[in-house]
Every structure is written in structure tokens, then in C-alpha cells.
Amino acid sequence: MGTAIPLFILLLLCFIHHVSATEKGIVGFGISLYQDLCCQSCHDSLSALYLTCTTFPDGHDMSMDMDMEMEMEMDMDMMGTTSGECYATNLPWLQTMAYCIQQNCNADGYGAEKQAKCFSVQAVAGASEPTFQDSLPAVAPTEELAEDATWLNVTSLVNSDTYYAIHGTLGEFARSEYIHTRYSVINYLIIIGICIACGILAHTRSAFPGFQKSLHTSALWAKLQRYVFLPALFGSRRLEPLPGNVGYVPGRTLGIFIGIYVIMNIILSSVSFRNFSPNTWFTSPQFEMCEYVGNRTGTLSLVNMSIAILFAGRNNILIAITGWSQTAFLTLHRWAARVAVVQAVVHSIVYTLAYFEPGSGGAARYASEAAKPFYWWGIIATIALCLAIAFAILPIRTKFYEFFLITHIALIILALVGCWYHLIPHFGYVYGYQVWLYIAFAFWSADRLARLIRVAYYNSLGGSKAVVESLPDCDIMQVSVYPRVAWKFGPGQHSFLYVPGLGKFWESHPFSIAGWSRPGQLTAISLAPASLSDSSAKGGKEKESGVVSLATDLESQPNLTAKKQEATIPCQTQTQDRASIKFLIRAHSGMTFALQHRLLSSHSRSQMEISVYTEGPYAGHRATLQPLFTADTVLCLIGGIGITNALGFVQEYTAANLQRGFASGKSRGILRNAKRFILAWSARELALIEHVKQNFLTQEGDVQGIEYSFWCTGPSKTATQELDSINDENQMAKSSTPRTEAVTAGRMDIGNVIRSYLEEGQQTTVVVCGPSSMADEATRQVVNSVKDGFRVDLVEEAYAW
């Protein structure tokens, strides 16, 4: 995230600079619409009149005394053209314009200097001569132009009804456009402002432990946790899909945020509309209202589209600010996109209805407009947005993820291109609508560019070596990556992996980091047999670097008794000589299935080397993990392959205790205050449990305060027999076997586990990572514990489709 944030800010600053330098923007912020309204109204009241110097095609002599009948029958090809030179030299035009400006702009509060400036712009196209003062008539005109006048041949008064209608029409349209922009900016400020406010609170809690402790002891905070922060919106479902797999119900906090967002957009789309009559632009008040509603919903749709794109990004800066997970922001992304699509549909409907209002042309007029490129590009964009939403339903996302991803990206690109060609050919850059598209492009480009930079930087423009191993008796692989550039590793992080050798170089998936090592890092080691990748490295690398694994060394001394080993070395450590990252990956479909197939097709069928690209690290932010900073007890409730996330916290706690044991000073890790760490893990495969015990976990007695509890939920008969055998062996050979933690057959009783580790007056933080039903049950039990007066907080690590 350290790379993404500066890049994101830099791109936005460049965009702002570009807007300022080109004097573009949006209405009210860089663009002033009809800022000289009285002058514009004078000009528009007179601009349709012929002057004595107006020229006509084919040498026709259009005398000023031609009768009205001939004028009405005049073909459009014979309409006259009035040049700029004609306007600048025609005395009736100059004097009528000057007197109209003086008479009406005085009433609007315009000073003489401003009147002179707008006269130059409106009357003589910016020329310095003749001036406003020189053009004022010596005697005020008394004759008012007729409402249906065609010629201006003498200095006259502008028709008052015409001026009033034009002034009111332009003024109401400008007011409406300013409100569209203000409401769009308000939408942005409120949504981003809520995120920033939540981020400030989270960072304040992590930076000031005393403040966080005072919150935990507050009755108000307990009530907020019980009724707002922790529970589901209703019922107990949060991460578990609704019946029929129709979708998810967000948590209560996120649900409140989404409710505010939706209600605010309904209000902003529905208020502050007015009609003006008589209107020179719109044939009926209904047509005028359709125009204003269409423009409002269209603008807000563009705004919400850009917000949806921001929320969807992996490098979304708000993730680091708020500490919310990417899953939370993907939920917000979906709701922002739904709001944008509804507003786009309303925009299309009201513009269609406008042509069927009385006097608006009906089906013939609509067909004529719909044949124009800007109109059908708008139709294409709306249809693309609707299809993107339709193909993003949960069943498609879960069963056909690759199809969903490709079609989603393609349809959104089509929608953005459609919006561009809908706006620019029709409106140009006059109203600044394109700025919202610029922002959407900036968010999308910043995220994609940050991804490329991460991949290029952390892989040094080349793939990193990785060793893939199969775990016996289960469909799980261990992938050990040796990155070219060491990361700033930490618990709760994940990385996206690319495996170009599988044929789809663009495909990547996120995997939690189960373990890591840095050069020079002091780590505890297991006395159990090492994994294949470790043993292969230890055979040569460690001896070359002078670092000898105690596990390997002990294995080479069979005459050394277990009792002597235990008495001599109560806790073993070693210094790492190279950076590595470990992942535990369950094979599903797509990339993971292809990787497993490649592994099983390899020569050894259990181990192979490949080249991978890493994109990360992501997550693990201070704001996310701040409940751990002041925890006295950390309880990890883990289900299945969710152990990959928990192992990072185990390593962090172990490292913090090693620092306290071997170095002076206080540990500054996120678990600095924790005195007790409990890992409670339930999994189907006993082989996975044993592999993790032997390769990732230290013994309970080696690190003070750490405790393990394991449950195996595999087929009951087989699992019970295997567990009895293993547990009997552990009891019989307790003095010689380093792993003695018992594994219980059956499901974990989440409520009993949580209750058994809660203590009065102690702050407990529950970290949960597992199946959605397990996470929802853990949340429910935490809420009940808060209700009963215990000080409990929750860190939820989960990914929902």
C-alpha cells in the first residue's frame, strides 16, 4: 500500500493541475454558466433580428418593407447572415444593445465596468471598439420592438415580454445546472467524509492506546458495539448468503452506511426542481421538468459510477485510511454501482418521456433524436451498465467467476466509452460533465498502474522462484515463494499470485500469507521434520551461510536422547538468510486446479519449482488491526484453510515474545500488550492439521502464553480412528515427540470456546477467519459476550464473493 498511496495522490494532483491549467472544470467550480445573465438576455432578445447590413444568399434583396406573408414563406436557405463586422458597425444594434444592458443590468446590480465588459463580449464579439459608453444613445428610445419583430432598423427598446422570457429561461436553467453540480459535490464529500472520519477514529485508537482503553471501559462504547458495530443488520447473517444464494446482508454498520448512501441519492435526485413560464426553450412545463430530472440523474449517475470504480480498486486509498476490508469496499462498490445504474435508467426514461409530452413531437421527434450518434451511444451505455449489474449476481460470481470478471470489465469499459461519446459530441466541454468521467478514468488508471508497479517492483521485472508441494491425503498445496525484493511482512496480509506458466498470464488470485522470513530475522523453529522446501534449502543454503537449523542438526544425531534435547534447549531460534513467503492453497477450479494438475503431472508428483509473480502485500493495516494493540488475550477462531490468515498472527506473537526474551526494550509489534494467545482451529483434513503443527507452530511450552486447540471435522469414523491412533502415540511417546497437542473429533463449539477464555477486567480480541456460517456464529457470540459485560472486540478476516 505504501507504493499505491503516493501514486494515487500524484495522479489526482496531475489531474487537478490539468483541469486548472485548461480553465475547465464543472459548473460552479471553474465554469460559470451565464455569469452575465442580463447581457446574455439582451443579446438573445435581439440576435434573431435582421439588420440593414445582413446578407442573404443568391443576391436576394430583402427589403425592410416586405410583407409578413412573404417573410413566412421564405425558404430556410434564404435566411440571412449577420457578420461580426456588421454588428460592430450597425448603429441601431449597438445603441439598442447598450441601452438594454444599462437598463436591465443596473437592476441586477452590475457596475459600469462590468456592463462595459459584457457589452464588448455580447455586442461586438470581444472587440475593443466601439465602446459601451460610445454606443449609448443620446436620447433614450421610446419605441418597443414587437414580440414578432423581424428587423431592427432603428434604435428601440427590447420587447419586455421577450426579455423576461429569455432571462427567466436562462436563469432557471443555470440555477438547475449549479444545483446538479452542488449536489454531486455534496454526494462525494459526504461519502468520502464518512470514510475519512471512520479512518481518523481507527488511527486515533491505534496511535493512543490510552484512548482505546478508555473506550473499552465506556458503557456507551459497549452499547455501540452491541447495537451498531458488531451485529448483523437483522438476524444473524452477515457473511453467509441468503437463502437461494441471492446475495448478502451487510453488517449493521455497513448497512447503515449503505442506507445513508441510498437515501441521500434518492433525495438529491428528487428535490430543488422548478419550472419557469413563459419558457423559450421548452414546449411545456412537463418537458422542462423531464430535462432537469434527466440532467440531475445523469450527472449523479456519472458521480456514483466514479465512486463505484474507486471502491472496487485493490489499491483503493480508503482501505488504508479506514481499515475496512476489501470485502467491505466491494459491497459498497456493488451498491454504488446499483445506484448509478438506477439513475442512468431514470435519466433514459425521462428523456424518452419528454418527447411524448404535448407539443414535443411525439414518436417522430424521438425517432429523429434517437438516430443521432450521441443519443444511441447513451442507449448503449445504459444497456451496458444494466448488463454489468445483471451478470454480477452472486450465483454467476461464485460459479462462473472468470466469465463474470471478463464480461464485467468489458461492459464497464463499453459503458464509459458510451458515456464519453454521449456527452462530448452533444455538449462539448461547456457544462463540464466530462470531468466526472475524467475522475472515473483516473481512479481506474491509478489502480491498474499501481498493480503493474507492484508486480514490477517486487519481482524486479522478472518472476520469483517458487516451490510448490502437495500435502498428503488432502487437496491442499504449500507454495513457498522466494521474492526478489523483500517485503515489509506482517500479519493479516495477502498477496495476489500470477503463474504465467499455466497459460493465463493475466490471471491472479489473492492468497493469505501463512508465514514469512526476512534476511537476518530471528525466528523460532519447530523440532519436527521440516517441509520439502525447507529441507531442500537446509541441505545446502544454511550450511553455506553458517546458519544451521536445529531440527536438521538434531536429526543428524540419533544417539541424542529426547530428554537431553528438551533439557538443553527449551526454545530454539535461528537467523534467516533469505526472504521467503509461504502460502497454503486449497485447489478449487480455475488457476488453483490448473496448478494442482501441473504439480501432479510433474516428475515427483509432490514437489516442483515454478516461476510466479507476486502482487502485494495488501491489507494488514494498522487501522484494521487496531483492536489487537490493547488486547490482553487474543483468541483466533479458525475454520479450514482460514488457518493461513491466523498463522501470521501466531508468528507475530511468537516473534514479539522472542524479542522480549533475547533483546532489550519493549516490543513494538501489534501484539505488544498480549499476554495470552489461543489458536482454536477446526478443519476437515487431519493431514492439514498435522502439517501445520509440524511446520508452522512452535510447541506450547516454548513460547509463554500460547495455547492450541484443534478439532477435526472429517468423516466421523475415519477421523476418530486416526485421531485415537495419533493421540495414543503422542501419549506413549510424550517424552520423545515434540508435538503432543491433542486433536478432538467433531465440530468446535464456538460459544463455549469464546466463553472459556473470557476474563473479567481483561480485554479480549477475537480474530475469526473461516467459513461464512462460522464467522457469523462467532460474531453472534461476541455480541452476546459484550451484552454480558465482557470487554470483547472482533477482527474479522473474510472474503465474500
Fill in the blank from the handout: For Ala687 and Pro472 the tightest heavy-atom approach is CB-O, 3.0 Å
Handout entry: Arg755 atom CZ: more than 12 heavy-atom contacts under 6.0 Å
Key = yes
Exercise for the section: Classify the side-chain pair Gln626/His203 by whether it contains a donor and acceptor separated by less than 3.5 Å. Expected result: no
Handout entry: Backbone N/O of Pro627 and side chain of Thr765: donor-acceptor pair under 3.5 Å
Key = yes
Problem - Pair listing, salt bridge (charged side-chain N to carboxylate O under 4.0 Å, His left out) test, anchored in residues 245-254, at least two apart - result: none
Exercise for the section: Check the pair Phe311, Leu318 against side chain to side chain contact (heavy atoms under 4.5 Å, CB included), reporting the backbone distance first and the verdict last. Expected result: CA-CA 8 Å; Phe311 287 165; Leu318 295 176; 3.7 Å; yes
Practice task
Please confirm whether the backbone N or O of Leu220 pairs with a side-chain atom of Ser218, one donor and one acceptor, at under 3.5 Å?
Solution key: yes
Problem - Ring center gap for Phe391 and Phe403 short of 6.0 angstrom - result: yes
Handout entry: Ala680 versus Trp711, closest heavy-atom pair with distance
Key = CB-CZ3, 3.8 Å
Completion exercise
Nearest heavy-atom contact between Met477 and Thr592 is CE-O, 3.7 Å
Handout entry: Heavy-atom side-chain contact between Val768 and Glu797 under 4.5 Å
Key = no
Practice task
Please confirm whether the backbone N or O of Gly640 pairs with a side-chain atom of Trp681, one donor and one acceptor, at under 3.5 Å?
Solution key: yes
Completion exercise
Sorted by chain and residue number, the salt bridge (charged side-chain N to carboxylate O under 4.0 Å, His left out) partners of Asp475 (sequence neighbours excluded) come out as Arg586
Handout entry: Residues in side-chain contact (heavy atoms from CB on, under 4.5 Å) contact with Phe229, at least two apart in sequence or another chain
Key = Trp221, Leu224, Gln225, Thr253
Problem - Close side-chain approach of Asn645 and Ile638, heavy atoms under 4.5 Å - result: no
Handout entry: Stacked cation flag Lys693 on Tyr708, 6.0 angstrom / 45 deg
Key = no
Exercise for the section: Flag the pair Leu679 / Phe649 as yes when at least one side-chain heavy-atom distance between them is below 4.5 Å, and no otherwise. Expected result: no
Fill in the blank from the handout: By ring-ring contact (aromatic ring centres under 6.0 Å, His included), His494 pairs with (sequence neighbours left out) Phe496, Tyr618
Completion exercise
Value for OG (Ser682) from CG (Asp749), rounded to nearest 0.5 Å, stands at 11.5 Å
Problem - Interatomic spacing from CG in Asn316 to CD1 in Ile319 - rounded to 0.5 Å - result: 4.5 Å
Handout entry: Ser785 vs Leu758, side chain to side chain contact (heavy atoms under 4.5 Å, CB included): CA-CA, chis, key distance, verdict
Key = CA-CA 9 Å; Ser785 299; Leu758 296 180; 3.5 Å; yes
Exercise for the section: Kindly say whether Val650 contributes a backbone atom to a donor-acceptor pair with the side chain of Thr654 at under 3.5 angstrom? Expected result: yes
Exercise for the section: Could you give me the CA-CA distance, side-chain angles and deciding distance for Leu647 and Leu697, then say whether side chain to side chain contact (heavy atoms under 4.5 Å, CB included) is met? Expected result: CA-CA 8 Å; Leu647 290 175; Leu697 303 179; 3.7 Å; yes
Practice task
State, yes or no, whether a side-chain contact exists between Asp793 and Leu628 at a heavy-atom distance under 4.5 Å.
Solution key: no
Handout entry: Test item: Val767 and Leu635 side chains (from C-beta on) under 4.5 Å apart, heavy atoms
Key = no
Problem - Gap separating the CZ atom of Phe583 from the CD1 atom of Ile476, nearest 0.5 angstrom - result: 15.5 Å
Fill in the blank from the handout: Looking only at heavy atoms, the pair that brings Gly746 and Thr713 closest together is O-CG2, 3.3 Å
Practice task
Can you see which heavy atom on Ser206 is nearest to which on Gln212, and at what distance?
Solution key: N-OE1, 4.1 Å
Completion exercise
Nearest heavy-atom contact between Gly492 and Ala619 is O-CB, 3.5 Å
Problem - All salt bridge (charged side-chain N to carboxylate O under 4.0 Å, His left out) counterparts of Glu615, not counting sequence neighbours - result: Arg314
Handout entry: For Val262, all residues meeting side-chain contact (heavy atoms from CB on, under 4.5 Å), sequence neighbours excluded
Key = Ile258, Ile266, Trp335, Val339
If you look only at distance, which donor and acceptor atoms sit under 3.5 Å apart when one is on a side chain in residues 772-779 and the other is two or more places apart or in another chain?
{"unit_1": "Asp776", "atom_1": "OD1", "unit_2": "Arg238", "atom_2": "N", "d": "3.3"}
{"unit_1": "Asp776", "atom_1": "OD1", "unit_2": "Leu239", "atom_2": "N", "d": "2.9"}
{"unit_1": "Asp776", "atom_1": "OD2", "unit_2": "Arg238", "atom_2": "N", "d": "3.0"}
{"unit_1": "Asp776", "atom_1": "OD2", "unit_2": "Leu239", "atom_2": "N", "d": "3.3"}
{"unit_1": "Asp776", "atom_1": "OD2", "unit_2": "Glu240", "atom_2": "N", "d": "3.0"}
{"unit_1": "Glu777", "atom_1": "OE1", "unit_2": "Arg780", "atom_2": "NE", "d": "3.2"}
{"unit_1": "Glu777", "atom_1": "OE1", "unit_2": "Arg780", "atom_2": "NH2", "d": "3.2"}
{"unit_1": "Glu777", "atom_1": "OE2", "unit_2": "Arg780", "atom_2": "NH2", "d": "3.0"}
{"unit_1": "Glu777", "atom_1": "OE2", "unit_2": "Gln781", "atom_2": "NE2", "d": "2.7"}
{"unit_1": "Thr779", "atom_1": "OG1", "unit_2": "Arg238", "atom_2": "NH1", "d": "3.3"}
{"unit_1": "Thr779", "atom_1": "OG1", "unit_2": "Ala775", "atom_2": "O", "d": "2.9"}
{"unit_1": "Thr779", "atom_1": "OG1", "unit_2": "Glu796", "atom_2": "OE2", "d": "3.3"}

Practice task
Compute whether any side-chain donor of one residue and acceptor of the other, for Ser580 and Ser480, lie under 3.5 angstrom apart.
Solution key: no
Practice task
Without swapping roles, check the side chain of Asn245 against the backbone of Pro241 for a donor-acceptor pair under 3.5 Å.
Solution key: no
Problem - Residues which pass side-chain contact (heavy atoms from CB on, under 4.5 Å) with Lys787, listed by chain and number, not counting sequence neighbours - result: Arg226
Practice task
Rounded to the nearest 0.5 Å, what's the gap from NZ on Lys582 to OG1 on Thr644? Could you check?
Solution key: 14.0 Å
Handout entry: Lys675: partners by salt bridge (charged side-chain N to carboxylate O under 4.0 Å, His left out), with sequence neighbours left out
Key = Asp632
Problem - ring-ring contact (aromatic ring centres under 6.0 Å, His included) partners of Phe511, counting only residues at least two apart - result: none
Practice task
Please confirm whether the backbone N or O of Ala232 pairs with a side-chain atom of Ser236, one donor and one acceptor, at under 3.5 Å?
Solution key: no
Problem - Verdict with reasoning, Arg791 to Gln762, per side chain to side chain contact (heavy atoms under 4.5 Å, CB included) - result: CA-CA 7 Å; Arg791 290 161 49 188; Gln762 296 292 302; over 6 Å; no
Practice task
Determine yes or no for a side-chain-to-main-chain donor-acceptor pair under 3.5 angstrom, with Gln493 supplying the side chain and Gly490 the backbone.
Solution key: yes
Exercise for the section: Evaluate the side-chain proximity of Phe257 to Leu332: yes if any heavy-atom separation is below 4.5 Å, no if none is. Expected result: yes
Problem - Heavy-atom side-chain contact between Cys712 and Thr744 under 4.5 Å - result: no
Completion exercise
Arg676 meets the side-chain contact (heavy atoms from CB on, under 4.5 Å) criterion, sequence neighbours left out, with Thr633, Ile678, Glu707, Tyr757, Glu759
Practice task
Report the distance from atom CZ of Phe790 to atom CD1 of Ile754, rounding to the nearest 0.5 Å.
Solution key: 11.5 Å
Exercise for the section: Starting at CZ of Arg338, measure out to CD1 of Ile389 and round the result to the nearest 0.5 Å. Expected result: 6.5 Å
Handout entry: Partners meeting ring-ring contact (aromatic ring centres under 6.0 Å, His included) with Tyr227 (sequence neighbours left out)
Key = none
